[in-house]
J.: 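Sharing a structure below in structure tokens format, with a few things to ask.
The sequence lines fix the lettering, A, B, ..., with proteins before strands; numbering per chain opens at 1.
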Amino acid sequence: MLTDFSQPNRNHVDRRSVRRRRSARRETRSGSRLFATYAVASLLPVGALGLLLLSGTRDDATKQGQDQGKAQAAVIAEMAIAPALDDADLTRGVTAGQRDSLAKATDLALYHGSVLRMRLRNFNGQVIFSDDGSTSGGVPVGDPAFQSASNGTATATLVKDPEAPGGQIIRVLQPIFARASGEAIGVLELYLPYDKIAARLHEQMTVTYRRLGIGLGLLYLAMGLISWSTTRSLRRYAARQEHEALHDGLTGLPNREAFRQRASAAVADRRDGAGGAVVVVDLNRFKEVNDTLGHHAGDELLRVITARLRTALRTEDTAARLGGDEFALILPGLDTPDVRALLERVRAELTREMVLDGVPLTIEASFGVALYPAHGEDVEQLLRHADAAMYQGKRGAADIVVYAGERMAHPTQWLVVQAELRHALERDELVLYYQPKIRLADGAVCGVEALVRWQHPERGLLPPSEFLPAAEQSGLIEPLTTWVLRRALADQREWTAAGRDWTVSVNVSARNLESAEFCPLVVGLIEEFGVAPGRLTMEITETAAVVDVEIARQALRALSALGVGLSIDDFGTGYTSLARLRGVPLTELKIDRTFVDGVLADPENQAIVRSVVTLAHGLGCRVTAEGVETAEVAAWIAESGCDEAQGYLYSRPVPWTDVPMMEEVR
Amino acid sequence: MKALALSLVAVALVAGCGSPSSPAATAQAVDNSVPFDQALHDKLPPSVRNTGTLRFVTDASYPPMEQFAPDGRTIVGFEPDLADALGRVLGVKIQMVTGPFQTALDRVADGTYDGVLSAVTDTEEREKKTDFVDYFSAGTSIIVQRGNPSAIAELTNLCGHVVAAEQGTVQADLLHRSQSGCGDRPMQINQYKTNADALLQLRTGRAAAVLNDYPAASYLAEDSRTSNYYQLASGAQYEPGLFGIPVAKGNTQLRDALKGALDKVIASGQYADLLTRWGVSDGAVKNATVNGALTD
């Protein structure tokens with residue numbers, strides 16, 4: 001029912017078909033239960049109808065028998081009895097002649113048993129004539145049947161007679177209309193055989209019963225077929241509904257809800273202690289494809305990505321589409337290296353070039369990994385952690401980032417930080433610290449790097465890593481940078497007044513460079529504070545991915561034209577391609593601390609540092625070494641050709657008034 | 001009667017709503033049942049007043065004047081209803097008793113019954129036996145089988161045929177008197193105890209015609225149960241006369257009380273209503289007469 005991967009893997013196909021068979025069996029079972037309920041429920045009305053019809057038929061048959069008796073009696077009375085009576089007045093009895101006529105008229109019928117017994121009675125009940133000559137017996141005058149006959153209506157009743165074949169005979173009380181005028185003169189009490197009538201009725205009933213049985217059977221069958229087909233379509237509808245509720249319409253992958261269910265199951269179901277991973281996958285260039293090639297291409301891209309995910313994953317893995325270009329994976333039974341290995345395979349598959357609408361393009365993907373049970377057993381928590389890791393990866397250069405504990409800021413905390421940071425800007429809770437840059441040639445402080453700190457009312461003094469990612473993620477980075485620039489220039493005015501000619505470096509986010517208002521802002525501030533543009537340097541963090549390269553490059557050129565210095569921060573750790581360095585008027589490259597720190601022991605680092613120095617000088621910029629902590633390193637750095645150095649050896653970041661004069665350090 | 005009274009009340013109520021100014025007049029115009037009349041009651045012979053009953057003999061084989069209901073025992077028709085109305089005015093119960101027509105006048109003369117109510121035509125001959133209180137007017141018609149197979153159009157056509165009639169009726173008398181016109185092709189006149197017996201002869205083809213009073217004859221020709229077998233030979237009514245209630249000569253008290261009651265019934269409109277109900281309005285008389293036999 002729920003098919004994740006249509007990969008032609010034998011093992012997979014077997015498992016899937018087993019699952020399908022099992023779920024089909026379950027459906028069939030619930031379906032047949034429903035059908036059985038229907039069958040029983042429809043049996044009730046059919047049965048009730050049958051009983052009703054049977055009893056109706058039986059009643060009809062009885063009535064028919066009685067009516068037949070009445071009809072016989074009417075004919076006998078009219079054709080045999082009344083003519084014989086001629087002109088009789090029954091209150092006074094009958095004449096001998098009339099008696100003879102009556103006997104003659106009825107002898108044969110009595111003899112042959114067509115009539116079993118017969119009494120002719122007047123309205124007072126007296127027996128005037130009877131088949132056996134007796135004048136006693138008969139129905140009492142008060143009997144409703146006799147009364148009814150006295151009032152002109154014949155009645156027929158079935159009475160028991162143990163001697164008669166069949167044990168029953170018909171008794172008819174029939175008024176005698178003796179004359180043409182229609183005057184009634186008495187009552188004829190007739191007993192007629194019932195066995196032949198009964199036999200014929202029985203025959204008819206048998207036929208009727210058979211027809212009834214067949215008819216009701218067919219009716220039941222029809223109802224059964226209808227309910228069978230109804231339950232079947234209901235079952236299919238329900239299955240379709242369930243599938244639609246848990247699957248993404250575009251790619252056919254499980255949706256967020258289904259992912260949640262499966263992830264819960266996977267977390268709960270880790271046998272023999274082996275954990276697994278929940279991975280969030282984000283496509284880096286999806287929006288671009290959607291915007292430039294249209295939604296159709298975007299949809300096609302998602303389908304291609306889906307197919308590639310299916311190809312790259314194992315059968316026991318689950319891929320789901322959480323929404324937009326966000327995918328999630330469940331990778332059970334793997335530890336961190338295995339997860340990384342598998343994700344490398346997946347990334348390799350995803351980043352293969354594809355052609356959409358005739359345009360060849362490459363998609364990059366970021367993977368955020370949260371391991372269970374190490375990073376939690378709650379699916380929501382795992383997803384949050386994986387998300388945090390994924391964002392971390394997007395900010396940095398790594399495509400596959402494993403969650404590294406609580407210190408990893410994640411989006412939900414960012415919201416809080418963003419809100420607080422907005423207040424902090426208003427309340428002036430931020431402070432600027434400065435770390436000096438030492439000119440290695442003479443050991444003098446030639447400039448300072450402005451580093452923002454947050455004097456948080458509850459958490460104390462916070463370093464930028466606690467709030468800068470959140471600021472970068474939102475529009476807050478712009479007011480923050482404005483504040484830093486303004487404060488740095490203000491401070492610079494003060495230390496200039498105090499007789500220090502330090503340049504000041506301010507860190508600038510890629511997002512600042514993308515903003516069209518950034519250059520005018522810088523121009524305005526320079527004018528406002530009346531500083532020489534050459535005493536201001538913009539440090540651009542290399543790891544921050546520049547989204548729109550062209551706009552950023554234009555901004556850098558404009559700043560450079562002003563005379564503002566441009567510096568690449570953390571050089572060597574990011575992914576600034578050498579091509580990007582070309583055409584940008586840089587004034588400084590700062591070698592990342594990771595190369596500087598171990599430079600004495602590691603020949604590779606030494607080679608890198610020397611190369612960067614050569615590269616920088618070749619490009620016409622200064623080289624600054626970051627993270628210089630010992631005098632030996634400082635000496636080696638100086639010897640390798642670096643122009644300036646920065647690090648704890650000289651000073652931690654401090655308020656500008658505390659920046660040491662290097663003459664004292666030496 | 002009850003149903004009629006109820007419907008009258010209903011009409012009165014409806015009329016009352018429509019025209020509240022004259023409710024009494026409206027009710028009177030519709031309610032034509034005649035109330036009990038003490039003066040007339042006092043005129044009855046003491047014996048009748050004592051028993052509160054009058055016994056009229058009838059031969060109930062003469063629809064629509066009188067016939068047996070489907071139960072074979074109740075007598076219904078114009079004449080039973082008229083008797084009922086008369087009894088109401090007089091404050092006595094009038095019983096209809098079945099008996100042979102032929103001897104009915106004799107039974108009244110000898111006091112067995114108080115009167116006859118059986119479409120008895122008042123003739124001079126009969127007035128010799130009893131007095132008559134006349135209430136209806138009709139002549140004699142010829143009934144033949146449907147399709148008139150013997151092509152009989154008038155009395156003279158009956159010569160040479162078998163003709164049936166009820167014993168003692170004016171019709172039997174008429175046939176005998178007509179015999180003289182037949183010359184050497186005389187009618188065979190068969191007489192039966194009841195009119196039904198005579199009609200049975202016609203129905204079964206043993207007679208070519210039956211003579212009946214016009215109301216009975218036209219009823220047979222028009223009623224759906226009998227019109228398949230009978231029709232009138234022509235629209236002619238022979239020797240029209242009055243039907244009367246024979247009362248014993250000398251019983252003038254009863255005779256006058258009946259005449260008075262009949263006048264009341266006629267005057268009230270109930271008489272006309274009953275005639276309409278039984279479809280015999282043709283025979284209406286304007287007022288009651290005593291011994292109104294038409295002289296030839």
J.: For A:Glu78, I'd like to know if atom CD has over 12 heavy atoms of other residues, nucleotides or ligands within 6.0 Å.
T.: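 Check fails, neighbour count at 12 or below.
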J.: Looking only at heavy atoms, which two atoms of B:Asp71 and A:Ala184 are closest? And how far apart?
T.: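 Where B:Asp71 meets A:Ala184 most closely, the heavy atoms are O-CB, 3.7 Å.
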J.: Might you work through the side chain to side chain contact (heavy atoms under 4.5 Å, CB included) test for A:Glu183 and B:Ser61, ending with a clear yes or no?
T.: CA-CA 9 Å; A:Glu183 184 181 6; B:Ser61 61; over 6 Å; no
J.: What are the two closest heavy atoms between B:Arg73 and A:Ser150, and how far apart are they?
T.: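 Nearest pair, atom of B:Arg73 first, then A:Ser150: CD-O, 3.1 Å.
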J.: Can you tell me which portion of B:Thr74 sits under 4.5 Å from chain A's heavy atoms? Options are side chain, backbone, both or neither.
T.: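 Neither part.
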J.: Hey, is NE2 on B:His176 packed in by over 12 heavy atoms from elsewhere, all under 6.0 Å?
T.: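 Atom NE2 in B:His176 is packed in, count exceeds 12.
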J.: Any idea which heavy atoms bring A:Ser181 and B:Ala196 closest together, and the distance?
T.: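 Scanning both residues completely, I find the closest heavy atoms to be N-CB, 3.4 Å.
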J.: Sort out for me which of B:Thr194, B:Leu200, B:Thr98 touches chain A most, counting heavy-atom pairs under 4.5 Å.
T.: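 Most heavy-atom pairs under 4.5 Å with chain A: B:Thr98.
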J.: For A:Arg211, does the CZ atom have more than 12 heavy-atom neighbours from other residues, nucleotides or ligands under 6.0 Å away?
T.: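 Open.
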